[in-house]
Amino acid sequence: MVQYFILRLFVLVLLCSLTSCGKKVPDGMPLLRSCSIKILNDGEPVPDAVVQLTPIVKATKSMSIAGTTDKNGVAYITTTLANYTGKGVPEGTYKVVVRKTVVAEHTVSPAERAQMPLREQREYYAEYNKRVAEIPRIVPDVLTYSSQTPLEIEVADKGCERVVELKDYQDE
């Protein structure tokens, strides 16, 4: 009895793999190459930064190509097309944009903020936004827009690995 169950389970798994159970790669999804980008600030890893790649030559399909840095400052770039996300990047040359959200500590809990009258909420958020504006940005402005970033990478058949030191772009 157990052997029959194991045989049926094996056949089911085999059929599922042959018929592409799960997410199907959409038509037009190019071959993806491994790509990782390490973001450093004065030699230290920058966690939680969003790294976005924009193709120099526009693709015929609209794809999102991005990753978020881990605690070691490394972003493993993925490509999304039609609700399918694959690991890696299509071959080509890309502009690289780096963004890191700046957040200040809230002095009032979300529940307390929700109970505030509208006028008091506006005053609170005006003060909060002032505190956020005072926090130094570690990502130079020049790297935050694809139209102005000087940072480019080439993804070839062997993929890409790149280390970016933010200090190198401070004066651009």
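Applying the disulfide (SG to SG under 2.5 Å) test to residues at least two apart or on different chains, none of the pairs has a partner in residues 93-130. Note on residues 89-161: pairs passing disulfide (SG to SG under 2.5 Å), not counting sequence neighbours, are C35-C160.
Scanning both residues, I138 and N41, for their nearest heavy atoms gives CG2-ND2, 3.7 Å.
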Go through it in stages, so that I can follow the logic: the residues are Y124 and T107, the test is side-chain contact (heavy atoms from CB on, under 4.5 Å), and I'd like the CA-CA distance, side-chain angles, deciding distance and then a yes or no.
CA-CA 9 Å; Y124 173 81; T107 57; 3.3 Å; yes
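One distance of note links OG1 of T54 with CD of E152; it measures 11.0 Å at 0.5 Å rounding. Put simply, NZ on K95 and CD on Q148 are 9.5 Å apart, with the number rounded to the nearest 0.5 Å.
At least one donor-acceptor pair under 3.5 Å links the side chain of Q121 to the backbone N or O of R113. Although no hydrogens or angles enter the test, the distance criterion places no donor-acceptor pair under 3.5 Å between the side chain of Q52 and the main chain of V97.
Residue L32 forms a side-chain contact (heavy atoms from CB on, under 4.5 Å) with just one option from V155, T79, T78, V89, and that option is T79.
Heavy-atom neighbours of E123 CD from other residues, nucleotides or ligands within 6.0 Å: above the threshold of 12.
Counting heavy atoms from C-beta on, the side chains of V51 and I39 come closer than 4.5 Å.
Note: H106 and Y128 have parallel aromatic rings, judged against thresholds of 30 and 60 degrees for the angle between ring planes.
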